[in-house]
Structure formats: C-alpha cells, structure tokens
Amino acid sequence: MVYTDYSDLGWKPYVHSWIEKRPKGEAEALQRMFDKFINKTLTFKKENCEELVPIPEYSGIVSLCKLFSALATPENGVNPADGDNYTTVVEMYFVFSMIWSVCAAVDEEGRKKIDSYLREMEGSFPNKVPGHEGAQRNGGADTVYEYFVDPKRKNWASFEDKLPKMWRYPANAPFYKIIVPTVDTVRYNYLVNALVSNQNPVLLVGPVGTGKTSIAQSVLQSLDNTKWAVLTINMSAQTTSNNVQNIIESRVEKRTKGVYVPMGGKSMITFMDDLNMPAKDTFGSQPPLELLRLWIDYGFWYDREKQTIKYIKDAFIAILSEKLGSFFDLTFHNICPSKSQPIFGDFMREPRVYEDLVDLSALKLEMERVLDEYNQTPGVVQMHLVLFRDAIEHITRIVRVIGQPRGNMLLVGIGGSGRQSLARLASFICEDQTFQIEVTKHYRKQEFRDDIKKLYRQAGVDLKPTTFLFVDTQIMDDSFLEDINNILSSGEVPNLYKADEFEEIHKKVARIFVTMHWSVASYSQKMLLELRRHNYVTPTNYLELVSGYKKLLTEKRKELSDQANKLRSGLSKIDETRHKVEVMSLELEDAKKKVAEFQKQCEEYLVIIVQQKREADEQQKMVGANSEKIAVEEIKCKTLADNAQKDLEEALPALEEAMKALESLNKKDMTEIKSYGRPPTLVETVMQAVMILRGNEPTWAEAKRQLGEATFIKQLINFDKDNISDKVLKKISGWPLMIDPQCQASKWIKNMEAAKAYRPCAQRASILFFVLNDMGRIDPMYQFSLDAYIDLFNMSIHKSHRSSKLEERIRYLNEYHTYAVYRVTCRGLFERHKLLFSFQTCAKILETSGSLKMDEYNFFLRGGVLWPGEWENSCNQMQRMLVVRSLRPDRVAFCVTYFIVSNLGSQFIELNMRSVVEDSTPRTPLIFVLSPGVDPTSSLLQLAEQSGMAQRFHALSLGQGQAPIATHMIQEGVRDVAPEAHPSGHRGPCTIGMVPAVPPRGHQVLENLLSLYLDEYEETPWDALKYLIAGVNYGGHVTDSWDRRLLTTYINDYFCEQSLVTPFYKLSVLDTYYIPKDGILASYREYISMLPGMDLPEAFGQHPNADVASQITEARTLFETLLSLQPQITPSGAAGQSREDKVLELSADVLSKIPQELDYRGTQKVLADDPSPLNVVLLQEIQRYNALLQVIRSSLVELEKGIQGLVVMSTTLEEIFNCIFDARVPPMWERPPFLLGPHVMLLRPDANPALPPWPQCSPLARMAARHVGKPRHGALPRLAAEGLGEHLPHGALG
C-alpha cells in the first residue's frame, strides 16, 4: 500500500478529476479560474486573515466544487446554448462558490480584506454602495459577500434585493416559528438550500444569537414534506456516539443487506444543533463527531453488535455554535440601567393579553388567590409561600416560558430558594398538571424511561397539559440528562418503546394529532467550595428545615409585632409629651411672675446672709481644730470603699451569669416550679430570697401566687438591684454563694474544669476524624461511620494509660487514640494508600499545632522554584523534603516515611494482623477485599492459630447453593460459641471489619505446591516446577511476551540444582539475599525478619535506578491525592484573594510572558535548499511549538472570560483553572499533536514568596533550579524557557 502526502500532491489532482466529470463546455473556463484565483487567494487568506473555524486547504477546494455543482445548473442560468453569457455565468458562479467555501470562515475583518483583494483581481463586482444593510455593518460599503449571481440578468445582484418588501408575521404562527427575514437569513437560506437540495452536508459557524438555528429551521420548513423527513438532534456534553447512532437508526429501515434508508421512501435531513457540545475524550477527540466524519467520508458505520457495515443513505445539516462570548452584551439593565425591570404576563384577565403588569399590589393579590386555590386542591402538598417581588417576577417568567409551545426552563439557585415551589405554582397558573419522578435506591435508566413513558402517555394520549419538573438531585445516572436533552430538542427518546409498545401507542396517537407538552427541566448543582464536599439533602432534612423555618418565621413575626407595639407606645408618648409641653408653657408664664417675687425676696435675704456669714467664719475656726481627726476617718473610709469596689468587681460576673440564667427562663419553667406541692429545699430557699427582695411575705404560697403572674419574669429582669434597702439586705448577708451540703456543686465545677482541660484530646479526635472523612474522596470504598469512630474514641479513653498528672494523661490519650485510628484504618486501606494516610494524618496534626509552615507544605505538594538555605544547620525536616522533592522526586516516599516516623513514631508505618483481633468485636464482620492473585486463607489460618482459635476456624466458599450452609454456620456460631472463644469475652462468632488484601511486593510461591514437588519426589522435578510456577501460577496472569521472558529468567535463576547444593546460594548481587542454611523454623523467621522492608531493584537483577520511574509516578500520585484533600483556599501570603482572583493573576502573568511564535515560513524559506532530516524535524518542532503557544494563549483567554462570566465554564476550562491554581501543567497543553509535554511551563510566582531572589541564592539552590529547568529537546525548549523560565514548577522541563 502506497501512501501519499497532501503537501506533495496539493489540490490539483482532485480538481482535475472533478473537472473531467463536468460538461466539456465548462472545463476551459473552470481550469482558467482555478489557475487565476486559488493559489493566490489561499496564500492571501493564510497570511492576512483569521478564521472562526480553520478550514484545511483541501477541504476548502472540495467545498468549492460541491457548491459550484449545486449552483451551476440550467435552472440557475448555466446554459451551454447561451453563447457568450455561458462562460461569464460559469466564471461568476466559480467566484461566488470560492467566496463561500475557501473564504467562507474568515472573521468580519477578514471579509473586508478578502473584499478588497478580490475586487482587485475581479472587476465584475458592482461599485460599493453606501446605505445598504450590509454596508452599514461593513464600515459604510458593501463587500463581495453581499452579492449573488442573478440567473436572469446574468450579473451580480445584492441579497438585499431578495428581502420581501411588505413582510408581516403570520398571525396564527407560534412564537418559536416566527423568523424575521434579514439580509443574513436570506443569504444563508440561499446557500443552505442549494447545498441541501443537492444532498451535501452543511456546517454553519458563528457566535451565539446570529440565527444559525433559525436559518436551518427556515430551510427545513421550506422543504416539501412529502419528499423530505426531518430529524432534529440537539447535542450536549452528555451526547455519545452511541446516542447519535441509535437516534438516526431509529428513523431508517432496511432496504437490502447492509443498506438502510429513511422510512416512507423519503430523503431525510438530520439537523444537529450545537455540534461542538459533546465532551472530549482523553485524546481530545469528540466521539459523536468522529462517527459523523466516518459517515460523511464513507457513507457507512458499523453495527455495534455484529461489527458489520451499515450503509446509511441520508443527508444532514450540522450547526456549530461558538462559545457564549457576547451573549450577555444586551440586557434590559444595559439598555435602561436606571429603571427597574418591568413585569409582563397574560393571566390577569380574560381574554388573555400579554401586557405590562404595573399594578404590583393587584398582581400580588392575584398570586395569593392562586396560591390559596392551589393549596385547596385535593391531593397536593400545601405550600406556604411569602410572595415578595422577586418571587412574583420569577413566577411570571416561568408562566410565560412554559405557557409557550416547546417551553422549557432551567431554574438555577441554591437549595431552598423556592425553585420547585414557584415552578409548581406557575404550572398551576398555566392549568398544567405537574409530573415528577420518585427516586428510590435502585432507580436507574430503565425506571426513568418507564416514567417518561407515563409522562408521554399523560400528555400525548390522555391530552393532559403537563409540566415535567426534574430536579438535579434526581440525576441518578448521566444518561438521564441525555434523555432530557432529547425530550427538549425533538421530543423523541431513542429506543424508548419496543416494537409491541409502538403498535399500541400508534393506535392512540393516530387519533389525536396534538402537540406534545413537554417538560420544564430544573436542576442545579451546588459547586464545591473550600472543602469539596457534597451536601445531600434528604426529605427528612428538608422537613426539619421547613419546621425550623416555620419556627423562625413565628419568632420574627413576634419580634416585628413587639417592635410595632413599641413604636405605637413611642408615638403615644410623643403625643402625650406634646400636650404636657402646652400645659408647661402656661405654667412657665405663672412661674416667671413668681420668679420676680422671689428675686425681691432674695435681695432681702442677702442682707441676712451677710450677717450669718460672719457667724459662720467664727464656726470655721472651730471646725479647723477637728480637721486632723476627720483626715484619719477619711483614710479609713477610703480603705472600706476600695474593699467594697473589689468585692463588687468579683460579684459582677456572678450577677451577669444570674441575669443570663434569669433571661433563659420561660413560661414552661415557671409552670414546672409552680406545680410543686412541696418544693425542693433549694427551690424554696431561692424563692424565699426573691420574696424578701420584692418586699413580700417569704412563704411558698406567696411565691406560687406570684409565679402565676404573666409579668413575673419581666419584673425580676427589671428589678432595681442597685437600690436595695438596708432592711432587706439585713434579712439576706448570711446567704452563701452555693448551698452544697453533698458537695455536688463542687464535683460539677471540677468536671467542668476537667472537660475544658481535655480540649486538646477533642481537637486531636476531630482532626483524625476529618482525615478519615477525606479518605472517601480518594476511594469511595473508604467510608467511615461516625458512630464507629465514637466507639473507637471511647475505647481509647478506657484503654489508654492513666496518670494523675493532667498533662501526661492528655498526652497518653492522644498518643493511644492516634495510633488506634491508624491501626484500625490501615487494615481497611489498600497498600498504596497507607503511606498517604499516615502522611496526611501527620501533616494535619502538625498544621493544627502550628509546627508546619503552610507555604513550605504547599510548595511540597505543588512544586515550584525553591531557594533553600543551608542543608543541615538551617533547614528543618520539611525544608529538606522540599529540596529532595525538587532534586530527587523518586526519593520522596522515603522522606515521607522518615517524616512520619520522626513526628508520630515508627508504629505509624507498620501494621500486623494480630492487632485486628485485639481491636475486634464479635458483632462486626471481617471482609477481605482481594486484589487479583491474592489468597488470604493461609494468613487467616495463621491468625486463628495465634489467637487460639484454630479448632473453631471454619472455611466456606460461597457459590450457588451455599447460602443455607453459611446461614447455618453463622447461627451455630451465635448460639454455641462460648464467650471466651473471643479475646474480648463477647459471645458470638469472631468477625471484624473490612481488610483489603493486595499482592505482596516480591515473589510468593504457594507452600503446598513446593511441598508436593520437593517432598514427594526423589529427584527434584525442576522443569515441572518451572512450568507450573512460571507458566501456570504466575504465567496465567502475565500476557506480555517480554514480561513472560523476564519471569522465565527469574525462575531459571532461582529454581536450579545449585540452589540446593551451594551453601548460602546468592539470589542476587546483594549480600542480603541468599538461601539460609538448614535449621529450625525460628531460624528462618529470624532471617526473614532481617530482610529489608522494601526490596531494592538489585534484588531482582536490575539496575539500581530501575525503580526511579515508578517511584516518581508514586510520588506524583501522592502529591495529586494530597492536593485533592487540601481545602480550596488561597495559600498564605495572598490574604484577601479568592481562588478566582489568584488564577486570574497567574493567568495574566502567564499570558504576558508567552513568547512570540517562531517564524515558520521564514525558517522554511531559509532551509528550502537543505531538506535534511534534522531540518525537517526542526520545521515539525516549530509547527508543534507554535501550535502549543496558540493553545496556551487561547485557553488562557477563554479561562479569563469564563472566570468573568462571559463564557460557559466548560469541563476543560475548569480543569485548566484547577491546574493553574495547583501549579500543575493542564493536560490540554500536554496532549498530541503538540508532543511537547517537557516544553510546557506554568507560571507560579507565589510558590514561595518569602524566599530570596536568584543573585542571593546558594550554589545548591542554583543547582536545584538548573536541574528542574533542564531541557531535553535542544535549543527550541530553551526559547520557551527564556520567556517563561522564571516560574518553572518541578518537572516542567526535565
């Protein structure tokens, strides 16, 4: 088979072949036009224009030929008998076809450039005419894109001439079918119609809102429905190639073997909207589009069950929507920013008229009336809604949408915001029935489709207008969304009905011919916030929320009522004060007269006062004599005052506590106290004191009487405690603070102090539980019960070492419980997750204690550029791990292990099966989750012997018919096993929790197999042993030929005669591994215990660096998993920044430092004379490098728009967002066809903001940076490094 490259052949062979099939009269003109225009136009477009969707050169030429074939027909004026006009019309249709194929996808600016270029080459176009619709869009003049070939006049005509002069919309047409003709709709209708009529596929490209879907639907509506069948498919992110194939196959029937055609003898158009929506797979392709590519290129696809070819004779239209770049440019608030949004509706009066509802109070009354009517409807759950303005607006919008044919709405909001309630009320206003599925534990695709059948029967057969209310919490399977998408787009769900069901449905549907009412789909997803935890709300929680809301509503109403009463009281006080002021004014006049009289009297008294002053001076002399005596008394008084103030300060907290306790009392408490016939002594004593303070008789009868008063508590709260008379105080100075004859209060106080002191234990327990909870995000199997954890904590309290010193007791309890959590948890973890769990536990404990610097830890997880200080003297253990993480990631696991041992102890990296029994209870089953190649039977037997239960160990392999035997064994164990059969003393079978069992690291040979061949034969059957072990036991799991070869090599080394006759036969180049001399079992165990816990590569005859790659992979997995458990907050050093702000900052920084693309064309010209392999590779690398820069640049621009809400945050953009925040290279930048994974660099200037700049770094730091930034692929990566290298993360270039 010979392959040819397009760059060697170009487009001319295809064109030559196509021209040969055209009428001979066209051949010369067509060849001349191709030679004149194509190469020049392609070069101009490539160098000067940008395309919305890049069109490959060859595809543009093929499109040109197909469009010309569709247009150049006798009906369109291409008539060989027309003499001179024939050639002219052929040339005009060629230029038109070239414009709408080769030049079709350029942007608006590119169209202007193409217009100028073609007018220079082709002078037949009319002069630019200002004023046309097209001219207004294109800077004041028409472009060549505004013209078509007029078949009658044989010249260029404007598409504007095709616009109807007196167009009016059809009065009875539904809203969604009304299409207002414009130059664009006329132009694209013309093109699409021509291609569709000739059964050519069409791809419409453009931003949202440009009318692509409307144009396609307009063309479809204009087709003769007796000849054409239309199938609509709306693509979504959940659409799969299987979905597309099933939908299309459901509308075709078999004609001959392997050939399928549309039903009824018609041609069928498959209209696919939003063609770019299907999710991309791992390799960047979109499987539904790959299926369509196969279909278009070859006319067939494969039967998915029989793998046979199916030819589908069909045509299709595809619509590709560009992302939502300018979708929100025009909104009401942009047009009228200072006005409130109007409310429209058509349900306030009959006959219904869609109008501006300006009377909000009348609208609210109508809504309340409808709500009351809804609540009185039999069989509905009553809704108690507060219809504030926003809720009313939402209801009117929902009513407007679902009241239209094909009406559907996506209601987005947080849980409890009223989406379902408002939708139900809106459905009731529209006189629709509300249909909703009921999700159960086993509700899956089949049950969902059964419910859809019920919905279709209710709406389409029983003719009941229906609203389908679908909630995001009901999405039990992603296929639900695809079915919903099909319901909304076409109303057809592929393979919903079987053949026999169709017959029944067709009988009923044939009698009705109505438009189906379909659903309002409502879903929302609460985004993961800081801790990435989902919150599932059960019906019980929801009812509790409603109850709590009702309680809160009652309290708020009471609060508002109280405030209203206070306001009324205040207003009456103001009125009363106004009246008093008027009275006082009159009194003031009288007072003025009296003042005048008093002034006269004062003057008379002044004379008397002067006389008395003289007498007072004489008395003053007498008082001075007693001043020293008074000073002494003053000092005594001050001392008493200070002591009193000190006592007061000590008493105030108790007074405040008493006030709080008093305020916490309620009517129920009063009723309880009043119910006592003979109250407890303490209660009676307290009430006597209260009666004394209030000046009443200190008896229980008087106390009961006052307790019955409604304002009793209020009177106590407002009691004037600052002005208690001395008489009352004397009746109460001998009351103690606590009457505690049995020391109960003292014990209570001590217990309260003892609980506060144990807060470090509670904190440690909380840390450990949330570490356990996070493990569920690593593997869904890791689910840990809170009840079981509480039991474990209680066990730790009882079993941990006691001490009379509180600090020691807390330390013992924390140490015991931490290890207990590790021990119990690790036996339920897979081997690969044990080190991760230990490290996460250690890190969280250190983080809480403040011993872990989070900027260093973030660097350890994310990587970046590190400037370390001195190794031994200045660097702590975490900082040393950072250097190792940068230089030798393959050694990270060893560092993590040492870190755990240093901070928690060596027991946190070891686990033995004996502890499983010690921590067990007979009420929890022990479940082994096995990996392939593992048999836990021998381990269980050994465990049973060590536990003294070998005689009570029974094994049973579950299979068909074994359930009754297993049931009997369990019942027998519960009934007959003595309590002492289990170390814990509990009666029952010894069964405990889940234990994953994974294959051991190293080789393991079944004991019974070796025993059979070594003990039963006089001569060792080496060949048989090798075959059974290499070919059967292990070989059965090995399929790769190289792996089998390696396994055979190992077996030949170990299974040989020398291993038996040579003393201390070496199993590897390492001295540690050898066959020990004969001895007792204990000597073998001692030897085995001395073997390393982790086997080195040399143990298997491999190079010391053979495990570097796997260890780097393990370290990367460790980092990624730990990162996934980290709270989603900005690292320290960026206070006040949200994640979005941080990513925007990093994205802008990356964009500013992306280098310019390399000059491919200039380099190609320079190297044109030297096509050596190196130069060819260089050109390929430049292409890929430039393509990579384009992808990085475009994805970052899209990401910024997504964060700002200008485009939809797709799965790909969200992935890039998370990667940039975590300082990881987005997978999109590493995918083919770039093949430049090692070239990709990510900017992370904040990896360690506290570290010094480059000139101040030590030699070790510079060496680390050079190692991290070392390129593998020569000079080209260095170009990238010069632009981006200052922010390289670990592993970016080497």
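Nothing here was measured: the structure is a model prediction, and the numbers come from that model. Below, all heavy atoms of this structure are taken into account, side chains as well, without hydrogens, waters or symmetry copies.
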Query raised in the report: Should Asp451 and Tyr443 be marked as a side-chain hydrogen bond (donor to acceptor under 3.5 Å, both in side chains) after you check the CA-CA gap, both sets of side-chain angles, and the distance that decides it?
Result: CA-CA 11 Å; Asp451 279 336; Tyr443 192 93; 2.5 Å; yes

Taking atom types as modelled and ignoring hydrogens, do the side chains of [X] and [Y] form a donor-acceptor contact shorter than 3.5 angstrom?
X: Ser285; Y: Asp281; value: yes
X: Asp432; Y: Ser427; value: no
X: Gln238; Y: Ser236; value: no

With a 4.5 Å heavy-atom cut-off, do [X] and [Y] have their side chains touching?
X: Leu488; Y: Asn234; answer: no
X: Pro278; Y: Thr240; answer: no
X: Val401; Y: Asn408; answer: no

Grab the two heavy atoms, one from [X] and one from [Y], that are nearest each other, plus how far apart they are.
X: Cys65; Y: Phe34; answer: SG-CZ, 4.1 Å
X: Asp303; Y: Lys306; answer: OD1-N, 2.9 Å
X: Asn485; Y: Met235; answer: ND2-C, 4.0 Å
X: Val252; Y: Met263; answer: O-CE, 3.8 Å

Query raised in the report: Would Asp35 and Arg32 count as a salt bridge (Lys or Arg N to Asp or Glu O under 4.0 Å) if you check the C-alpha gap in whole Å, the side-chain angles of each, and the deciding distance to 0.1 Å?
Result: CA-CA 5 Å; Asp35 293 339; Arg32 185 175 67 254; over 6 Å; no

**Report entry** Heavy-atom donor-acceptor pair, Gln286 side chain to Lys280 backbone, under 3.5 Å
**Finding:** no

Query - Ring centroid separation Tyr145 to Phe159 under 6.0 Å - result: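 Ring-ring flag for Tyr145/Phe159: false, centres at least 6.0 Å apart.
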
Requested in this report: Step through it carefully: locate the ring centre of Tyr311, locate the ring centre of Trp301, and say whether they are under 6.0 Å apart.
Outcome: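 No - the distance between ring centres of Tyr311 and Trp301 does not fall below the 6.0 Å cut-off.
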
Query raised in the report: In this structure, which one of Asp483, Ile484, Asn486 forms a side-chain contact (heavy atoms from CB on, under 4.5 Å) with Ile452?
Result: Asp483

Requested in this report: Mind checking the CE-CZ spacing from Met33 to Phe68? Nearest 0.5 Å is all I need.
Outcome: 9.5 Å

Requested in this report: Please report the C-alpha distance between Arg255 and Tyr260 in whole Å, then the side-chain angles of each, then the deciding distance to 0.1 Å, and finally whether the side-chain contact (heavy atoms from CB on, under 4.5 Å) criterion is met.
Outcome: CA-CA 5 Å; Arg255 171 174 288 176; Tyr260 293 79; over 6 Å; no

Requested in this report: Go through the steps for Glu447 and Arg444 under the test salt bridge (Lys or Arg N to Asp or Glu O under 4.0 Å), then give the verdict.
Outcome: CA-CA 6 Å; Glu447 290 75 16; Arg444 290 296 182 269; over 6 Å; no

Angle class for the [X]/[Y] ring planes (parallel below 30°, perpendicular above 60°, tilted otherwise)?
X: Phe480; Y: Phe448; value: parallel
X: Phe468; Y: Phe435; value: perpendicular
X: Phe96; Y: Trp156; value: tilted

**Report entry** Whether over 12 other heavy atoms sit under 6.0 Å from Glu438 CD
**Finding:**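 No, not enclosed.
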
Query raised in the report: Any chance CD of Glu28 has more than 12 other-residue heavy atoms, nucleotides or ligands included, within less than 6.0 Å?
Result: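 No, not enclosed.
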
Query raised in the report: On the ring face of Phe300, is Lys310 found with NZ or CZ under 6.0 Å from the centre and within 45° of the axis?
Result: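 The answer is no; the distance or angle limit is not met.
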
Query raised in the report: With Asp107, which residues qualify under salt bridge (Lys or Arg N to Asp or Glu O under 4.0 Å), at least two apart?
Result: none

Report task. Step by step, work out the salt bridge (Lys or Arg N to Asp or Glu O under 4.0 Å) result for Arg153 and Asp150. Result -> CA-CA 6 Å; Arg153 293 184 291 176; Asp150 188 333; 2.9 Å; yes

